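Some notes on the structure that comes next.
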Amino acid sequence: MEARAPEWARAFWLRRQMIDHDRQFAVNIRSKRMSYKHNEKYEKSELYRIRHSAAHIMAQAVMEMFPEAKIAIGPPIENGFYYDFDLPRNLTPEDLKAIEKRMRQIIAGRHPFVRKVVSAEEAKKVFADQPYKLELIENLERGSTDEHGNPLDEKPEISFYTHDTFTDLCRGPHVEHTGQINPSAVKLLSVAGAYWRGDEHNPQLQRIYGTAWKTPQELKDHLHMLEEAKKRDHRKLGKELDIFTFDEEVGPGLPLWLPNGGIIIEELEKLAKEIELAHGYERVRTPHLTKEALFIRSGHLPYYAESMYPPMEMEGVRYYIKPMNCPMHHKIFAARPRSYRDLPLRLAEYGTCYRYEKSGELFGLMRVRSMQMNDAHIYCSEEDFEREFMDVIAMYMEYFEIFGIEKYIMRFSTHDKAGLGKKYVDNERLWLKTEDMVRQAMENGNVNYVEVPGEAAFYGPKIDVQVWSAIGKEFTLATNQVDFAVPPRFDLKFKNSRGEDETPLCIHRAPLSTHERMIGFLIEHYAGKFPVWLAPQQVSIIPITDDQNEYTVKLERQLKAEGVRAKADLGSDRMNAKIRAAQKRQVPYMLVVGQREVEAQTVSLRKRDGSRQNGMPVGEFIQMVKERIVTRSPEL
RNA sequence: GCCACCGUAGCUCAAUGGUAGAGCAAUCGCUUCGUAAGCGAUCGGUUGUGGGUUCGAUUCCCACCGGUGGCUCCA
């Protein structure tokens, strides 16, 4: 008999895998305040000083070009730096070239960076006509936040850094003199709009992004890496591999899944159904439309209206297209009286939702307006909460192991005080309580996570799994959310063992994200080389001459009968061209058949990695493919 | 939504103030070949859409649509 060790316990070897070292993101596990984007090691590095100094040099060049420019902030970032300016006119690509050229001249001057601690009075005098700097100085004076808007514990010193003719309010550190920057390892990349202090109600500034390295070779390598990343961008691969398309007349953010994409969706749903069955979920189905009343009750309308498609009116009643499935699932819970014996009730649905994302936020498949969520709602008592919550985490692990997903961070997204009653339901006591429940569960399960305040859902805290797209954008893939707020609004109740009414907690979870984001992510994760079970076409059968056509068709029939996605390639192309075509489509297996194979009833197997196995008996090949498919093996 | 840039054939790209070409793909022939492109022919575009300037606009200007890089926002 099996000891009923919590099923999720085995998953927690994960500890060491949590952090993406390549990105130099800091660990800062369980640190309350630090964003995981901070990295002390980076902040102490020479590269950081080089980039920080390059930002100042760029600001000098811009000030020379526009003496009336107002300067904002210019920090180093991952792989580079930026500086924000308020300028009399918009920058052009030619301006960037001129600024870059001027930067090289300044660098050649070998100007020392000189630090000077000043009083707030003095600082204000120097920056009297620099409103953004004045605002920063006032903040420093109050000791409330640093230049990133992060809260500070103690009142910091106010310091200036001066090189050549340029002085900036800055905490440093910098290189000793501009000559320590290699002028051929610096490059300005782009201009972008950016709101002052990241708030869209503030004026928009012009941000210049640049990159800087120690050597020209490092710069070259970095630019090369950016090029390589573009090649694995799901928007490019998705087109090349015929997975999805967008059509101007259909609308932005509304993907059309091509047959190949349809196959991947089917496979993912099959996987989800298997795993959810094993974890005790039941499948339900709900409409895409509901009356306004439902979303008023759920509380989505005040908090979420901006992201919803506008209502449509029929016979005097307003209907909304659903942006999420939860309210309907709540109604299924409420469809009949519930006993504690019914709990935990786990309702799953690949629900289709529509959200009106702002046009500029759309991003290929990763951010769309129509999506199918790997959704489920778990209704449970408080006592069952930890087990249920961690069972979802265990499910993440099961999936991530199948996909070989290793680079991610679990983000514990909590509320912040400022958002209470605005972004978040106004019940601080329950926020603190449920956050503590999640924290405890994660600690007990020994799962690593990073706590980030201000990222919670409006109804409760959550554990998000953060991943990065090929070109470095961060996305939430999976999510596991606590909801203490909505079940009471729906008046959800169950009879506990003492015969009393109790309100269940609700866990919203989406381990496989949405089809859209998951597949966008997987395309990049695999660089288009899907494992056999997910590959839209698994086998291409290629005759060497027309004489083998009959054998080729027979093989195709045989493979299809075994559930293998095989296709005979009978065109008039030469074998070599057919192989090339299959390679470009990333078909895992090519079966080349000539006279020898027909006679021996074998196949010559070529895998997409180029490896070959000649004279393989047909039965042996079929067995191998089926084994790969059934076990969802990552092996080719 | 905001700022900037971009939009030529299914795809990748070229060209010009005098209405556009190439390669690949597709189609049709020829070729029958042993592990990443055989040869030839044909087809394919009101240069994203609408307006304006001009004798003439695909090229210049404006608006809209769509995309890209950011900001804001998020599964």
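Not measured: the values here are computed from a predicted model. Convention: sequence-line order gives letters A, B, ...; per-chain numbering from 1. The analysis underlying the following values was restricted to heavy atoms, covering all of them including side chains, and did not include hydrogens, waters or symmetry mates.
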Next item on the list: Write out all pairs satisfying salt bridge (Lys or Arg N to Asp or Glu O under 4.0 Å) with one or both partners inside residues 225-238 of chain A, taking only residues at least two apart or from two chains.
Entry: E227(A)-K230(A), E228(A)-K231(A), D233(A)-R235(A), K236(A)-E240(A)
Next item on the list: Give every residue pair that meets the salt bridge (Lys or Arg N to Asp or Glu O under 4.0 Å) criterion with at least one member in residues 591-616 of chain A, sequence neighbours excluded.
Entry: none
Are any protein N/O atoms closer than 3.5 Å to N/O atoms in nucleotides 1-10 of chain B? If there are, list each pair with its distance.
{"residue": "G1(B)", "atom": "OP2", "partner": "S359(A)", "partner atom": "OG", "Å": "3.1"}
{"residue": "G1(B)", "atom": "N7", "partner": "G360(A)", "partner atom": "N", "Å": "3.0"}
{"residue": "G1(B)", "atom": "N2", "partner": "Y195(A)", "partner atom": "OH", "Å": "2.5"}
{"residue": "C2(B)", "atom": "O2'", "partner": "Q204(A)", "partner atom": "OE1", "Å": "2.3"}
{"residue": "C2(B)", "atom": "O2", "partner": "Q204(A)", "partner atom": "NE2", "Å": "2.8"}
{"residue": "C3(B)", "atom": "O4'", "partner": "Q204(A)", "partner atom": "OE1", "Å": "2.6"}
{"residue": "C3(B)", "atom": "O2", "partner": "G193(A)", "partner atom": "N", "Å": "3.1"}
{"residue": "A4(B)", "atom": "OP1", "partner": "N90(A)", "partner atom": "ND2", "Å": "2.2"}

Next item on the list: Give each stem of RNA chain B as a range with a range, requiring at least 3 consecutive Watson-Crick or G-U wobble pairs whose two distances are under 3.5 Å.
Entry: B:1-7 with B:65-71, B:10-13 with B:21-24, B:26-30 with B:38-42, B:48-52 with B:60-64
Next item on the list: Determine, for nucleotides 38-44 of chain B in 5'-to-3' order, which nucleotides have protein heavy atoms under 4.0 Å from the base (write B), from only the sugar-phosphate (write S), or from neither (write -).
Entry: B------
Check: Does T552(A) have any side-chain contact (heavy atoms from CB on, under 4.5 Å) partners at least two apart in sequence or in another chain, and if so, which?
Finding: I541(A), P543(A), Q548(A), A568(A), L570(A), V593(A)
Side-chain polar contacts of residues 241-261 of chain A - donor-acceptor pairs under 3.5 angstrom, sequence neighbours left out - could you list them?
{"residue": "D247(A)", "atom": "OD1", "partner": "E249(A)", "partner atom": "N", "Å": "2.7"}
{"residue": "D247(A)", "atom": "OD1", "partner": "V250(A)", "partner atom": "N", "Å": "3.4"}
{"residue": "N260(A)", "atom": "ND2", "partner": "L241(A)", "partner atom": "O", "Å": "3.0"}

Margin query: Can you pull out every salt bridge (Lys or Arg N to Asp or Glu O under 4.0 Å) where at least one residue sits in residues 354-367 of chain A? Sequence neighbours excluded, please.
Written below: E200(A)-K358(A), E357(A)-R367(A), E361(A)-R367(A)
Check: With sequence neighbours excluded, what pairs up with D573(A) under the side-chain contact (heavy atoms from CB on, under 4.5 Å) test?
Finding: A577(A), K578(A)
Note to self: Please enumerate all residues that pass salt bridge (charged side-chain N to carboxylate O under 4.0 Å, His left out) together with K133(A), with sequence neighbours excluded.
What the structure shows: D168(A)
Notebook entry, point to check: Excluding sequence neighbours, so at least two apart, what forms side chain to side chain donor-acceptor pair (under 3.5 Å) with Y526(A)?
Noted result: none
Check: Which pairs pass salt bridge (Lys or Arg N to Asp or Glu O under 4.0 Å) with one or both residues in residues 88-98 of chain A, sequence neighbours excluded?
Finding: R89(A)-D95(A)
